[in-house]
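Scroll down for the structure; my scribbles are underneath it.
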Amino acid sequence: MQIKNLMSEELITIDKDQNLSDALKLLRKHNVSRLPVTNNKKLVGIISERDIANKLGSSKYESMPASRLHISSVMIKDVFTVPQTMQLDEAARLMLEKGIGSVPVMDGDEMVGIVSKADFVTLAVGIAFDKITVKEIMAKDLTIVSPTERLVHARRLMIENHVGRLPVVNEDKLIGMITSKDLMRSFIDFRKNVPEKYQKSQIKEVLVEYVMSSNPTFTTKDTTISEVSKIMMETGYNGLPVVEDDELVGIITQTDILRLIEKLES
């Protein structure tokens with residue numbers, strides 16, 4: 001199968017000269033996690049919730065409101081693209097190698113679509129994936145955070161470990177999840193509600209428990225990949241913690257499913 005048969009043709013883009021507030025509105029309105037960035041209708045970058053969370057949490061931009069930040073200062077400029085005729089397994093392999101969640105799809109110099117890990121997850125439903133269980137592909141080496149740790153620490157853990165979500169654990173029990181989306185929204189709200197002169201000191205007082213999602217949806221080791229994929233499609237979650245006998249034993253993400261699809265397709 002070629003990428004053009006899987007990609008989304010509905011392109012939601014943003015101009016490089018618009019501000020971050022505009023991007024936030026588009027992300028929320030269309031319930032997407034990243035936007036291709038254009039200049040005179042030509043692709044020049046891409047911006048994601050993770051990029052925004054990383055920028056807003058950095059000391060360089062810590063007191064700058066979103067309305068003053070241009071997209072061009074936050075976006076990733078070195079955009080990786082694929083031709084619409086590329087085979088699925090090759091595109092999946094390249095996404096895994098580059099560590100990226102979505103890829104603009106091109107027809108010559110024209111952007112005609114975008115394909116994401118979420119699109120690949122839609123393929124992981126059916127007989128072949130009914131025979132594979134979570135324990136076979138889940139990640140067991142986990143990066144976790146406690147509810148009483150600072151939000152800035154959670155951000156640093158995500159950056160250092162190249163992950164978009166962290167299980168929140170208290171006394172060995174899973175009590176929540178915190179994601180790049182949570183970080184992004186929290187930093188935005190913080191800037192709106194706290195006077196600029198107090199932001200540098202007060203951001204250190206924001207704890208994970210104030211921001212995390214409580215009672216997270218989880219799965220088990222023996223759940224099939226087909227069923228997990230259905231849950232991700234229905235909820236929009238990019239990853240699910242894996243719990244066994246009330247103990248956190250792993251996490252399964254869209255990346256794990258993408259890796260499985262690449263392996264089966266090739």
Keeping [X] on the side-chain end and [Y] on the backbone end, is there a donor-acceptor pair under 3.5 Å?
X: Asp51; Y: Ile47; result: no
X: Gln18; Y: Asp15; result: yes
X: Asp119; Y: Ser116; result: yes
X: Glu149; Y: Ser146; result: yes
X: Gln199; Y: Val194; result: yes
X: Thr235; Y: Ile231; result: yes

Decide yes or no on side-chain contact (heavy atoms from CB on, under 4.5 Å) for Lys42 and Asp109, but give the supporting numbers first. CA-CA 8 Å; Lys42 291 291 184 181; Asp109 293 331; 4.0 Å; yes
Please report the interatomic distance [atom1]([X]) to [atom2]([Y]), rounded to the nearest 0.5 Å.
X: Thr253; Y: Met232; atom1: OG1; atom2: CE; value: 6.5 Å
X: Leu207; Y: Arg150; atom1: CG; atom2: CZ; value: 8.5 Å
X: Ile71; Y: Met75; atom1: CD1; atom2: CE; value: 9.0 Å
X: Glu262; Y: Thr255; atom1: CD; atom2: OG1; value: 13.0 Å
X: Asp89; Y: Glu265; atom1: CG; atom2: CD; value: 6.0 Å
X: Thr148; Y: His153; atom1: OG1; atom2: NE2; value: 10.0 Å

Side-chain touch [X]/[Y], heavy atoms, less than 4.5 angstrom:
X: Lys16; Y: Thr38; answer: no
X: Pro83; Y: Asp107; answer: no
X: Tyr237; Y: Met177; answer: no
X: Val242; Y: Phe218; answer: no
X: Ile257; Y: Gln254; answer: no
X: Val44; Y: Val79; answer: no
X: Leu240; Y: Ile251; answer: no
X: Leu11; Y: Met111; answer: yes

Single-linkage hydrophobic cluster, 4.5 Å side-chain cutoff, [X] and [Y] together:
X: Phe129; Y: Leu258; value: yes
X: Val163; Y: Leu96; value: no
X: Val211; Y: Leu27; value: yes
X: Val32; Y: Phe120; value: no
X: Val228; Y: Leu123; value: yes

Side chains of [X] and [Y]: do they bring a donor and an acceptor to under 3.5 Å?
X: Thr133; Y: Asp222; answer: no
X: Ser229; Y: Ser226; answer: no
X: Ser102; Y: Lys117; answer: no

Side chain to side chain donor-acceptor pair (under 3.5 Å) between Lys4 and Thr85: does it pass, once the steps are laid out? CA-CA 6 Å; Lys4 64 182 179 183; Thr85 53; over 6 Å; no
Please walk me through it: do Val169 and Leu248 pass side-chain contact (heavy atoms from CB on, under 4.5 Å)? CA-CA 8 Å; Val169 176; Leu248 179 68; 3.8 Å; yes
For a quick test of reading the model, state the closest non-hydrogen atom pair linking [X] to [Y] and the distance between them.
X: Ile132; Y: Glu136; value: CA-OE2, 3.6 Å
X: Arg155; Y: Ala53; value: NE-O, 3.7 Å
X: Leu6; Y: Val115; value: CD2-CG2, 4.0 Å

Would you say CG of Asp141 has more than 12 non-hydrogen atoms from neighbouring residues, nucleotides or ligands within 6.0 angstrom?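 It does not: Asp141 CG has 12 such atoms or fewer within range.
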Just checking Glu97: does its CD atom have more than 12 heavy atoms from other residues, nucleotides or ligands closer to it than 6.0 angstrom? yes
Please lay out, stage by stage, how Ser180 and Met158 fare under the test side-chain contact (heavy atoms from CB on, under 4.5 Å). CA-CA 8 Å; Ser180 295; Met158 288 189 191; 4.0 Å; yes
So which of Ile114, Ile46, Ile12 actually passes side-chain contact (heavy atoms from CB on, under 4.5 Å) with Leu35?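 Result for side-chain contact (heavy atoms from CB on, under 4.5 Å) with Leu35: Ile12.
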Could you go through the side-chain contact (heavy atoms from CB on, under 4.5 Å) check for Glu247 and Leu174 one step at a time? CA-CA 7 Å; Glu247 181 183 353; Leu174 177 72; over 6 Å; no
When the side chains of residues 181-189 are checked against the rest of the protein, which donor-acceptor pairs come out under 3.5 Å, sequence neighbours left out?
| from | atom 1 | to | atom 2 | distance (Å) |
| --- | --- | --- | --- | --- |
| Lys181 | NZ | Glu49 | OE2 | 2.5 |
| Asp182 | OD2 | Thr179 | N | 2.9 |
| Asp182 | OD2 | Thr179 | OG1 | 3.1 |

